[in-house]
Amino acid sequence: MKTTKHLPGKIVLLLALQIIVVVSLFAQDKAKSTKHTFVPLPELLLNSEGARIESSRQWEEIRRSEILELFREHVYGRVPEAELSVDFEVKYVDLNALGGSAVQKEVEVQVSNGSDNHTFSILIYLPKDSQGPVPLFLGLNFYGNHTIHTDKQISITDRWVRNNSDFGITENKATSESRGVRAHRWPVEQILSRGYGLATIYYGDIDPDFDDGFKNGIHRLTEERGDDRDPDSWGSIATWAWGLSRAMDYFETDADVDQKRVAVIGHSRLGKTSLWAGAQDERFAMVVSNNSGCGGAALSRRAFGERVSNINTSFPHWFASRFHDYNDNEAALPVDQHMLMALMAPRALYVASAREDKWADPFGEYLSLFYGSKVWGLYGNDVLTSDQLPEVDQPRLTGNLGYHIRTGKHDITLYDWEQYMDFADHHMPAAASSDHLIPVSL
């Protein structure tokens with residue numbers, strides 16, 4: 001005779017309570033993802049002495065530098081004072097790339113501390129037969145320059161690369177098998193057809209993305225390594241951002257690139273990087289953050305999705321070590337990401353999210369832009385007036401500010417790029433004169 005075993009009543013009750021708690025927490029998370037529950041934020045427009053900032057001049061002369069220093073001290077770290085020389089060598093120019101539709105260049109950036117050196121490469125595509133210097137998008141990539149297009153002329157990096165069996169990357173070495181595996185994230189032909197150039201750098205060429213005690217990449221050229229580092233020494237995000245500014249240095253020497261119309265763009269951790277690069281380097285005319293989340297566009301104090309403790313545990317090398325003091329303690333941070341957004345003012349800034357990318361907290365990304373937009377108002381520019389997310393796939397464009405939340409997951413898609421190019425059509429400054437630029441020696 002078959003018998004039926006019954007769970008003791010207490011166990012059944014405990015299981016029922018656990019189910020209720022899980023369902024309740026899920027419902028809370030779902031509500032919080034789209035509901036604006038106000039969290040007190042650090043004052044954006046009060047200076048360190050408590051005085052109100054009421055003009056763009058006061059912002060530029062007082063508050064902006066204060067906020068930059070707070071981010072350097074508590075979040076991203078500061079560039080060391082080591083004397084590093086930077087030189088550029090154009091390795092090749094192809095005037096008939098991509099079947100004759102583009103000009104392709106590879107530029108080697110040579111960084112030296114006098115006794116040791118480090119190099120990384122900038123891959124550049126420009127539309128063929130353009131009239132005068134062209135506007136350009138600059139961004140870092142995850143697996144090597146050769147992964148953004150199947151073009152066999154692109155050099156393959158010999159540096160450390162994250163293993164990915166789908167891309168044919170093993171033992172942390174890139175091979176020809178990975179050519180073009182990330183082309184869907186870099187619509188080169190579409191960008192060129194719109195009249196824009198594209199430049200990219202493999203971020204691992206600047207600094208490898210693993211916790212190596214800061215012994216490799218650009219870090220090895222400085223004296224700050226391992227236990228000798230200060231709490232505000234730069235992490236990898238600050239180093240990658242430094243590399244983007246060195247690319248900007250090169251553009252100032254290239255007569256084919258309009259240095260006044262360069263947009264810096266990044267996805268995910270590289271979106272965090274583009275924001276920090278744009279905050280520090282005002283030469284970038286436009287800044288784009290795509291799904292950058294915690295430490296990027298999302299408000300830390302919302303503590304939704306990826307939190308400061310998550311990111312510092314998984315990626316302890318990304319930020320200054322002092323940022324770890326705020327693990328599960330976001331309210332103690334003297335800054336939040338709306339203040340990072342404000343550092344871009346009055347330039348063009350576009351933030352984008354994805355509906356299914358809850359880990360990046362789309363609503364927190366939008367709220368940063370919303371609260372940070374107050375500084376654009378100091379310049380007489382339009383500010384965001386609604387603290388509610390726009391509808392999915394319905395971009396919200398207000399003055400020099402843009403935002404969208406699209407259908408889909410954590411990624412950068414052709415839809416995203418189309419919005420950024422539409423935005424750039426209106427917000428890149430007028431073409432600069434090339435009279436003072438230095439022609440590239442071939």
Side-chain angles (χ1 to χ4, degrees), residues 36 38-76 78-79 232 238 241 245 248 259-264 272 274-289 292 296-302 331 333-351 364-388 396-403 423-424 426-432:
H36 183 188
F38 180 76
V39 178
L41 298 175
E43 287 285 353
L44 176 61
L45 295 179
L46 289 182
N47 71 9
S48 60
E49 298 178 353
R52 175 69 57 183
I53 300 299
E54 297 179 334
S55 69
S56 59
R57 180 176 178 179
Q58 289 178 329
W59 168 258
E60 292 177 0
E61 294 182 355
I62 302 172
R63 189 58 173 152
R64 189 178 193 280
S65 59
E66 289 180 348
I67 292 174
L68 267 174
E69 281 303 302
L70 288 172
F71 274 109
R72 288 175 180 138
E73 182 178 353
H74 296 274
V75 183
Y76 303 104
R78 64 183 73 251
V79 177
D232 63 348
S245 285
M248 190 70 203
Q259 58 173 292
K260 299 296 184 184
R261 294 192 290 168
V262 175
V264 62
K272 309 179 204 298
S274 67
L275 287 169
W276 185 230
Q280 295 187 100
D281 194 336
E282 296 180 85
R283 293 176 297 174
F284 291 114
M286 176 174 153
V287 182
V288 180
S289 159
S292 63
L299 289 174
S300 297
R301 278 167 171 75
R302 264 176 56 83
L333 266 168
V335 291
D336 212 324
Q337 301 310 100
H338 66 303
M339 302 166 86
L340 180 66
M341 302 297 106
L343 293 174
M344 262 50 86
R347 291 167 292 153
L349 171 63
Y350 201 116
V351 174
E365 293 182 309
Y366 175 74
L367 288 177
S368 279
L369 189 64
F370 170 74
Y371 287 116
S373 74
K374 294 177 182 178
V375 176
W376 274 262
L378 296 178
Y379 291 87
N381 293 344
D382 292 338
V383 303
L384 293 171
T385 57
S386 174
D387 61 4
Q388 296 302 309
R396 180 169 290 165
L397 307 177
T398 302
N400 285 351
L401 303 169
Y403 176 86
F423 192 67
H426 296 284
H427 295 287
M428 290 280 201

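The figures here come from the full heavy-atom set of this structure, side chains too, leaving out hydrogens, waters and symmetry mates. Numbers here simply count residues along the sequence, with the first being 1. Just so we're clear, the structure is a prediction, and the values are computed from it rather than from any experiment.
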Partner set under side-chain contact (heavy atoms from CB on, under 4.5 Å) for [X], not counting sequence neighbours:
| X | value |
| --- | --- |
| Ser48 | Glu66 |
| Glu54 | Arg52, Gln58 |
| Pro42 | Arg301, Asp336, His338, Met339 |
| Asp382 | Thr398 |

Whether [X] side chain and [Y] backbone form a donor-acceptor pair below 3.5 Å:
| X | Y | value |
| --- | --- | --- |
| Arg63 | Leu44 | yes |
| His427 | Gly399 | yes |
| Trp376 | Ala342 | no |
| Gln337 | Ala297 | no |

Q. Got a sec, which residues hit side-chain hydrogen bond (donor to acceptor under 3.5 Å, both in side chains) with Ser292, two or more places apart in sequence or on another chain?
A. Ser289

Q.
Among residues at least two apart in sequence or on other chains, which ones pass side-chain hydrogen bond (donor to acceptor under 3.5 Å, both in side chains) with Asp281?
A. Ser245, Arg283

**Q.** Set of residues satisfying ring pair (Phe, Tyr, Trp, His ring centres under 6.0 Å) with respect to Tyr366, sequence neighbours excluded
**A.** Tyr403

Can you list the residues that meet the salt bridge (charged side-chain N to carboxylate O under 4.0 Å, His left out) rule with [X], with sequence neighbours excluded?
| X | result |
| --- | --- |
| Glu61 | Arg57 |
| Glu43 | none |
| Arg64 | Glu282 |

Q. How about Leu340 and Trp276: do any of their side-chain heavy atoms sit closer than 4.5 Å?
A. yes

